[in-house]
Amino acid sequence: MKATDYRLTVGSLRELSTVGVVCALSAAYAGILLTASDFIGRAGDRTDGGMSVLLGAVSSVFILIALFVAAVVISNGVDTVIAGRSRQLALLRLVGASSQQLRSSLTRGVAKTAVVGAAAGTVIGVAIADIARVAMVSRGVLPDIRYSYLPPITVVAAAIVVGVAVIATLIGSRKTLSGAPVLGATNSFRWLKNLAAVTLAGFGALLLMAAAVLGERGEVAGFFVAFFGAALTAVGLLVGAQSVVPAMVAGLGRLLGGSPQALLARKNAVADKARTTRSTIGLFIGVTLIVTVVAGMTSLTESLDRWDMSPEELEENRQVMTMMTWVLVGLIVISVIIAAVGFVSTMSLTVIGRTREIGMLRAMGFTAKQVQSTITLESVALSGTAVLGGLLLGTLFGAVGSQSLIGAMTPGFPVGLPLGALAAIVLGTAALVVVASLPPSRRAVSVAPVDALAVA
């Protein structure tokens, strides 16, 4: 077996299944949006030559958001896989394998998986869009003209998805597969990372306050200032996530109770700060995105009552705002799905990597039900932290965004609290906890304690 064979690093491509799923989702999403933009643009060009450009620009924004979330999920997923094979990798380093050889083997495995996933996703996405186009043409919604069955831009998008996966892999493995074979990563530059996080988040917060003031004065620039402020604040939180997220998980873990399962779940949830951050950050981003959209649109819709409009105009504008909300949610929800896939994958890999620990618990008297309860409570602490943080930050971003647009037309500071969306997110989180914890916990307890203790 060559030193650059991916099986030396990840064992099998099955370990990288998350990469394939995320790439397939991203490519399918891009395929649907870009194909739809292409045929709607071709139809619109007959009357409005700018339709294609507008739709392409809107699609690109949401595709970039999905790619960003996908990159975070892939990077964290690869880091989790590598962390679970640290002993095997250390042995490879000791027998002469260089970090460059290991990174090369990992990149090859990810690239193969990403190509398969992106190709499958592109075919599925384009097929869905083409079926919708045929249906709309048959019903007279679209004109019967010549359309492209596979717009070239979708192939470019698939290649970009693969490129993002490879880059995310290099970023996610840069610490684990670098340095000396025995020594671990150092925290020499942790203070610099925290300083950068505080600086970015602080400057972003100042921009958000400035946006609110500009919105109160009716300045159009307020919305753009709010966008950059939210972006900087989010980047700052991502950079310093490893210093913030574990503390939040520990705080929420105290609410799980005082049973042995709850205590063990709380300890496990924060035992490895890097793992804790990897498990929650993707879901946190996804929830923040969707809450920002829904909260902002809710604030704008509620502000319509204060505008000088007739009842007919008010009802018409309400319908328009509701439709825009659903369209935006539909466009952004793929990012949440990608984040959820990443959370489930990370939890599964984490549980598999603790087979020996679970075997020890079983040998000490823990029942299978208690082990499953421990894993479920750990999933609750991690996902609950991500959702709670996303709800708070998303509501803030949505409120500032709406204030920057309508601050001069409405009194006070508009804060949208979409109860329906909040209920949907809570129910979705409960379902996610079940999916993320039950299958891996069942697999873990199915292994006899003696066999589990024999795992290296």
Side-chain angles (χ1 to χ4, degrees), residues 6 13 16-42 52-79 81 103-104 106-130 132-133 147-174 227 231 234-235 238 281-282 285-286 289 328 330-342 345:
Y6 63 83
L13 289 182
L16 299 175
S17 58
T18 301
V19 175
V21 174
V22 169
C23 288
L25 287 172
S26 301
Y29 181 63
I32 292 173
L33 286 185
L34 293 175
T35 304
S37 298
D38 181 76
F39 67 68
I40 294 176
R42 288 172 185 266
S52 179
V53 176
L54 177 62
L55 289 174
V58 173
S59 300
S60 299
V61 170
F62 286 97
I63 290 172
L64 287 174
I65 292 174
L67 285 176
F68 173 73
V69 177
V72 172
V73 170
I74 291 173
S75 177
N76 291 336
V78 168
D79 200 7
V81 172
R103 190 177 292 110
S104 175
L106 176 63
T107 303
R108 289 172 184 267
V110 168
K112 290 180 179 179
T113 308
V115 167
V116 173
T122 300
V123 171
I124 294 172
V126 171
I128 291 173
D130 284 337
R133 172 182 55 77
Y147 295 99
S148 174
Y149 285 95
L150 181 64
I153 189 65
T154 59
V155 179
V156 175
I160 292 175
V161 168
V162 175
V164 167
V166 171
I167 294 173
T169 299
L170 295 175
I171 294 174
S173 62
R174 70 187 186 281
F227 173 80
V235 171
L238 290 178
I281 198 65
I285 295 172
L289 286 172
L328 290 173
L331 290 172
I332 207 72
V333 74
I334 188 66
S335 299
V336 182
I337 295 174
I338 291 173
V341 169
S345 172

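The first residue in the sequence is number 1, and the count goes up from there.
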Val19 and Thr169: CA distance, side-chain angles, deciding distance, side chain to side chain contact (heavy atoms under 4.5 Å, CB included) verdict: CA-CA 10 Å; Val19 175; Thr169 299; 5.7 Å; no
Gap separating the CG atom of Leu170 from the CG atom of Leu106, nearest 0.5 angstrom: 8.0 Å
Distance in Å, Ser335 OG paired with Leu25 CG, rounded so as to fall on 0.5 Å steps: 10.5 Å
Contact summary for Ala165 and Val110, nearest pair of heavy atoms: O-CG1, 3.9 Å
Full working for side chain to side chain contact (heavy atoms under 4.5 Å, CB included) between Ile338 and Val72: CA-CA 10 Å; Ile338 291 173; Val72 172; over 6 Å; no
Minimum-distance pair of heavy atoms, taken over all atoms of Gly286 and Val336: O-CG2, 3.3 Å
For the student: nearest non-hydrogen atoms of Val73 and Gly342, plus distance: CG1-CA, 3.4 Å
Smallest separation among heavy atoms of Phe68 and Leu238, with atom names: CZ-CD1, 3.6 Å
Contact summary for Ile32 and Gly125, nearest pair of heavy atoms: CG1-O, 3.3 Å
Distance, nearest 0.5 Å, that separates CG of Leu289 from CD1 of Ile334: 12.5 Å
Stepwise side chain to side chain contact (heavy atoms under 4.5 Å, CB included) check, Ile74 with Cys23: CA-CA 9 Å; Ile74 291 173; Cys23 288; 4.1 Å; yes
Taking every non-hydrogen atom, the tightest pair across Leu67 and Ser26: CD2-CB, 4.4 Å
Candidate list Thr35, Leu34, Val155, test side chain to side chain contact (heavy atoms under 4.5 Å, CB included), partner Val126, passing option: Thr35
